[in-house]
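Below is one structure, written out as structure tokens; the observations come after it.
Letters A, B, ... mirror the listed sequences (proteins, then strands); counts begin at 1. Remember, it's a predicted structure, so these values are computed and weren't measured experimentally.
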There are 2 protein chains.
Amino acid sequence: MKPFSSYQNPSLAVDLVVFGYSKQQLSVLLLNRKEAPYQDGWVLPGAFLQMEERFRDTCSRVLKTKLGMDDVYMEQLYSFDEPERDPRGRAIAVAYYALVNPARVAIAAGSMANDVAWFNIKELPELGFDHRAIFDMAVQRLRSKITYFPVGFELLDEQFTMPELHELYECILDTTIDRRNFRRKILDSAYIISTGTKREGAQNRHPDLYTFNKQLKQNSFQINV
Amino acid sequence: MKPFSSYQNPSLAVDLVVFGYSKQQLSVLLLNRKEAPYQDGWVLPGAFLQMEERFRDTCSRVLKTKLGMDDVYMEQLYSFDEPERDPRGRAIAVAYYALVNPARVAIAAGSMANDVAWFNIKELPELGFDHRAIFDMAVQRLRSKITYFPVGFELLDEQFTMPELHELYECILDTTIDRRNFRRKILDSAYIISTGTKREGAQNRHPDLYTFNKQLKQNSFQINV
DNA sequence: CCAAAAGTGTTAATTGTACACCCATGC
DNA sequence: GCATGGGTGTACAATTAACACTTTTGG
């Protein structure tokens with residue numbers, strides 16, 4: 001058995017669509033490039049895959065370096081192979097999307113704080129490379145995913161109220177959802193559990209607090225849009 | 001702007017899960033390896049990505065070479081990055097799955113006819129590399145996909161009968177489906193059109209022939225399992 | 001005219017949708 | 001005690017699931 005001959009291989013990068021939800025806004029994390037191509041333009045954060053690294057490790061490295069974040073939910077999105085996608089040469093990108101709670105993240109801790117910013121997903125600047133296409137696919141995937149799997153919890157605090165979860169869904173799906181029917185479906189799925197406590201401090205009735213049921217591995221629900 | 005420095009990059013291969021449906025059996029195409037590793041073992045067909053090639057081009061090249069097939073339906077599945085997945089060295093695989101009609105394909109036309117064979121998906125031999133994982137994901141994706149999008153037609157003849165389509169679904173989903181409810185859902189989706197003709201030659205009542213509605217771009221149905 | 005397979009329709013059960021009232025809180 | 005937002009239930013509509021009879025064909 002021979003090892004691989006030293007063929008020329010395309011560069012292999014991992015690009016990340018990092019979603020954050022805060023103040024009823026769904027945002028995505030962008031990086032301001034300091035070098036050509038797309039100097040001073042905005043792009044998705046990413047990095048080249050190191051030789052013995054797995055995609056997830058590359059993602060974690062980027063998230064750690066640029067945001068000081070650990071333990072982030074992520075999922076492989078798609079691999080992009082358009083030959084002209086990088087003007088520097090042939091480069092393949094494996095895209096991942098990540099869901100983070102910006103409140104728990106200190107961008108300031110990263111080494112590139114000045115170059116990183118959250119953008120509301122409806123007000124994105126023009127993106128370099130093919131990153132707009134990657135972003136679009138990520139939004140589509142996220143929208144599809146939350147309708148049948150509880151990924152939304154990744155964007156919220158450990159404990160959250162039903163109205164918070166409801167607003168998150170309305171924001172991501174960009175629609176209105178009857179709150180009473182929403183509550184019933186989510187609770188029926190058993191993916192969330194009441195903590196038995198209420199959020200104090202509101203000027204009105206104190207809403208019940210819930211938490212994600214991590215025990216539950218297999219179940220399903222369906223939020224229709 | 002500098003071109004990429006000559007970093008070392010992992011090898012990049014495309015692996016294909018080719019599904020074929022024939023005689024009420026769903027099969028997958030495997031290749032018998034002549035070289036180590038996994039000599040004399042069975043693996044998914046695949047090839048290394050050439051420098052200016054897109055994934056789909058690589059797929060087409062493999063399908064043409066090994067099966068003499070053109071114009072095959074294919075879809076990107078997932079990218080596999082386990083460091084030990086290839087004993088020869090670091091290699092990334094971008095997996096695609098393809099749907100073909102074996103009746104329209106002459107494996108004999110390929111240059112490697114003796115090394116290629118169809119296997120019923122329930123009776124697979126042990127597979128080399130991480131190809132069993134790739135295959136498993138492909139089956140899962142195909143099952144999911146046909147419940148809401150008409151990919152099944154790719155596996156059938158240009159014209160087909162309702163009982164044929166019904167059997168295909170039962171075979172792929174490995175379940176029984178009420179044929180009357182199935183017919184209604186498929187017809188309601190408008191993805192198939194009656195040709196107005198019937199299949200002759202059967203010893204019983206001649207079934208109506210249908211064809212895929214290529215005009216219809218956006219629609220949806222839902223076959224529940 | 002009989003056996004085998006294909007076409008068709010109806011009813012009950014389940015699920016989804018629309019909608020309104022009561023409750024707790026702070027001021 | 002009132003304004004605000006959160007909790008809950010119910011009736012109607014739509015969809016899905018279960019099911020049986022009729023039709024066509026070849027032998």
Please give, in whole Å, the distance from dA24(C) P to L209(A) CG? 17 Å
With a 4.5 Å limit on heavy-atom distance, are the side chains of F19(B) and V139(B) in contact? yes
Please report, rounded to the nearest Å, how far the C1' atom of dA5(C) is from the CD atom of E164(B). 13 Å
Ignoring backbone atoms, test whether H206(A) places a side-chain nitrogen or oxygen under 4.0 Å from the OP1 or OP2 oxygen of dG26(C). yes
Atom CD of E200(A) and atom C1' of dA24(C): how far apart are they, to the nearest Å? 12 Å
Any side-chain donor paired with an acceptor under 3.5 Å for E53(A) and T58(A)? yes
Value in whole Å for how far the P atom of dA4(C) lies from CZ of R199(B): 21 Å
On a plain distance test, is the side chain of R179(B) in donor-acceptor contact with the base of dG7(C) below 3.5 Å? yes
With nearest nucleotide decided by heavy atoms, which residue, D208(B) or K198(A), maps closer to the 5′ end of DNA chain C? D208(B)
Whole-Å distance between dA12(C) C1' and D178(B) CG? 14 Å
If you go through the side-chain atoms of R180(B), does one of them form a donor-acceptor pair with the base of dT22(D) closer than 3.5 Å? no
Validation row: V14(A), Y96(A) side chains within 4.5 angstrom (heavy atoms): yes
Is a donor-acceptor pair below 3.5 Å formed from side chain N224(B) to base dA17(D), judging by atom type as modelled? no
If you take atom types as modelled and just measure distance, does the side chain of R183(A) reach the base of dG9(D) with a donor-acceptor pair under 3.5 Å? no
Assign each of R184(B) and N204(B) the nucleotide of DNA chain C bearing its closest heavy atom; nearer the 5' end lies the nucleotide of N204(B)
Let me know the distance between CD of Q222(A) and P of dG16(C), rounded to the nearest Å. 8 Å
Can you confirm if the NZ or CZ of K214(A) lies within 45° of the ring axis of F212(A) and under 6.0 Å from the centre of its six-membered ring? no
To the nearest Å, how far apart are D188(B) CG and dT8(C) P? 13 Å
Tell whether N181(B) reaches the base of dA18(D) with its side chain through a donor-acceptor pair below 3.5 angstrom. yes
Provide, to the nearest angstrom, the distance between the CD1 atom belonging to I186(B) and the P atom belonging to dT16(D). 13 Å
Under a plain distance cut-off of 3.5 Å, with no hydrogens placed, do E75(B) and Y73(B) share a side-chain donor-acceptor pair? yes
Does dT4(D) have OP1 or OP2 sitting under 4.0 Å from an N or O in the side chain of R205(A)? no
